[in-house]
Amino acid sequence: MDFFTLKSVEEARVEFLGAVTRRMPAERVAREEALGRITAAPVPAPEDLPPFPRSSVDGYAVLSADTFGASEGLPAYLTVTAEIPMGQVSAVPLHPGEAQKIATGGALPGGADAVVMVEHTEQSAPDEIAVLRPVSPGENVMQRGEDCRAGEPLLPAGRMIRAQEAALLAHAGVREVDVVRRPRVAIISTGDELVPPEEAPGPGQIRESNGQAMRALVLRDGGEPHYLGLARDDEQEILSLLRQGLAYDLVLISGGSSVGARDLTSRLIDQLGSPGVLVHGVQLKPGKPTILAVCDGVPVVGLPGHPVSAQVVYGLFVAPLLRQMQGLPPEPEFRPTVRARLTKNVASAAGRTDVVRVRLFRKDGEVWAEPVHGKSGLISTLVRADGFLIIPSAREGLLAGDTVEVEVLA
């Protein structure tokens, strides 16, 4: 495949994502282990929620008809016959002309159809209250099944379980949930100049960091990272790790994708299975020497060795793929973005997509985006950046003062 036959980012994404048919199967996990997972099927409510009418305020359970016409000038007087303990049901039914003291979340007594807020009452006698405002039927009451009816879905399929979903599941007494299995991602690093992070580099060597970055990003995006190791620029070492990677759902390999005599990765990936390399080279800065492949059903992504380029390519191609493999749309419906004004001109070549890191700050009541310049091997530029903006291929740069949309880095 000709490295110089570059595809646009959108062309490459459409071809690659369209070629990946692998979807993750379902597995059942305990509710406590489901945080951050994607529901594989609707989760039905085992019972009505709430299971009985409950008060939504502190006050008095009443028959609403007894309060009609009440005002501060002409209160409705009711006899207080009981105080309902939390977690218990009143043993005394409510009759016309009566009220029972109730706390937020308490179960309404039989016969009551509303609750008067305590702020709208006055103590007129030891066992009597004056109601200063009327209530309508059902006012200040959470009705049985108002949250969810038994058998109805608590959660739909394809919903990420956050803290609020976990709380609803616990509230309903759901103990186990069918979720999408996490994609198992094999991570490989290559390069003669690299040593593991825990080792001291020798002359001409640097510590490997892409593996750590990919682990963190895969975890963030719902995957299960498996670091297979660091290979030298040796055909057999790389091929051995790549073949091990085919036992996983996705393979990420960084380094060895640039044009030149030492370009092994593309050729070796093509040996793994059909159809092989789909894209080698994208009209993208940084990230031009990207490899996108599918080998006997397993997607393989060759990431550039430079850390900034690797993370940019991950965001454009791997993050959408992980979402798709988990049954989600490749792109989320909403992204955390900020509209800001650009502090300086940013150049871009026509026909190329540029991803520009920026630092955000406020000045005179406006949000500004300042480009963070630096070569793609400088990891500190990612740390200094709060987000990035994309210059589409149709634009030849941006001007100082332009309003841009910045995607905030997670």
Side-chain angles (χ1 to χ4, degrees), residues 31-32 34-35 39 42-156 159-177 334:
R31 182 190 65 242
E32 295 83 358
L35 192 66
T39 54
V43 182
E47 59 186 33
D48 287 344
L49 294 177
F52 52 83
R54 306 174 68 200
S55 175
S56 61
V57 297
D58 291 337
Y60 294 88
V62 299
L63 288 163
S64 58
D66 286 340
T67 70
F68 293 169
S71 65
E72 293 187 10
L74 190 63
Y77 294 96
L78 302 176
T79 302
V80 179
T81 59
E83 180 172 348
I84 305 170
M86 283 298 293
Q88 298 183 33
V89 177
S90 176
V92 181
L94 191 75
H95 299 102
E98 296 179 349
Q100 293 187 22
K101 193 171 184 180
I102 192 169
T104 301
L108 261 67
D113 68 350
V115 177
V116 178
M117 294 177 65
V118 67
E119 295 90 337
H120 300 158
T121 66
E122 289 180 351
Q123 195 81 34
S124 54
D127 61 349
E128 185 181 73
I129 58 167
V131 178
L132 309 178
R133 291 187 189 177
V135 288
S136 57
E139 189 168 343
N140 299 322
V141 175
M142 294 178 282
Q143 301 292 349
R144 175 172 178 163
E146 187 174 337
D147 225 358
C148 195
R149 291 285 184 186
E152 292 181 352
L154 283 171
L155 300 177
R159 171 67 63 87
M160 178 178 287
I161 298 176
R162 306 166 296 171
Q164 43 271 56
E165 282 81 7
L168 180 59
L169 293 172
H171 182 51
V174 175
R175 296 183 179 183
E176 295 182 323
V177 189
F334 302 104

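We count residues from 1, following the sequence as given.
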Give the table of side-chain donor-acceptor pairs shorter than 3.5 Å for residues 75-94, with sequence neighbours excluded, one pair per line with atom names and distance.
from	atom 1	to	atom 2	distance (Å)
S90	OG	V92	N	3.2
S90	OG	V92	O	3.1
S90	OG	Q100	OE1	2.8

Where do S64 and S136 come nearest, in terms of heavy atoms and distance? CB-C, 3.8 Å

Checking the side chain of T39 only, and the main-chain atoms of P42 only, is there a donor and an acceptor separated by less than 3.5 Å? no

Shortest non-hydrogen contact from P50 to D147? CD-N, 3.9 Å

Residues 125-133 side chain polar contacts: donor-acceptor under 3.5 Å, at least two apart:
from	atom 1	to	atom 2	distance (Å)
E128	OE1	S124	OG	3.0
R133	NH1	H120	NE2	3.2

Closest non-hydrogen contact found for P53 with V141 is CB-CG1, 4.2 Å

Rounded to the nearest 0.5 Å, how far apart are CG of L63 and CD of E98? 8.5 Å

Can you name the side-chain hydrogen bond (donor to acceptor under 3.5 Å, both in side chains) partners of E165, sequence neighbours left out? R159, R162

Check the surroundings of atom CD in Q164: do more than 12 heavy atoms from other residues, nucleotides or ligands lie under 6.0 Å from it? yes

So CZ of F52 and CZ of R144: to nearest 0.5 Å the spacing works out to 10.0 Å

Are more than 12 heavy atoms from other residues, nucleotides or ligands located less than 6.0 Å from atom CD of E176? yes

Rounded to the nearest 0.5 Å, how far apart are CE of M142 and OG1 of T104? 7.5 Å

Please give me the minimum heavy-atom distance between A34 and I161, naming the atom from each residue. O-CB, 3.5 Å

L154 and L49: side-chain contact (heavy atoms from CB on, under 4.5 Å), yes or no, with the steps? CA-CA 10 Å; L154 283 171; L49 294 177; 3.8 Å; yes

Exercise: identify the closest heavy-atom pair between M117 and V57: CG-CG2, 3.9 Å

Only one of N140, V62, V135, D58 forms a side-chain contact (heavy atoms from CB on, under 4.5 Å) with V115, so which one is it? N140

Can you see which heavy atom on A172 is nearest to which on P46, and at what distance? O-CG, 3.1 Å

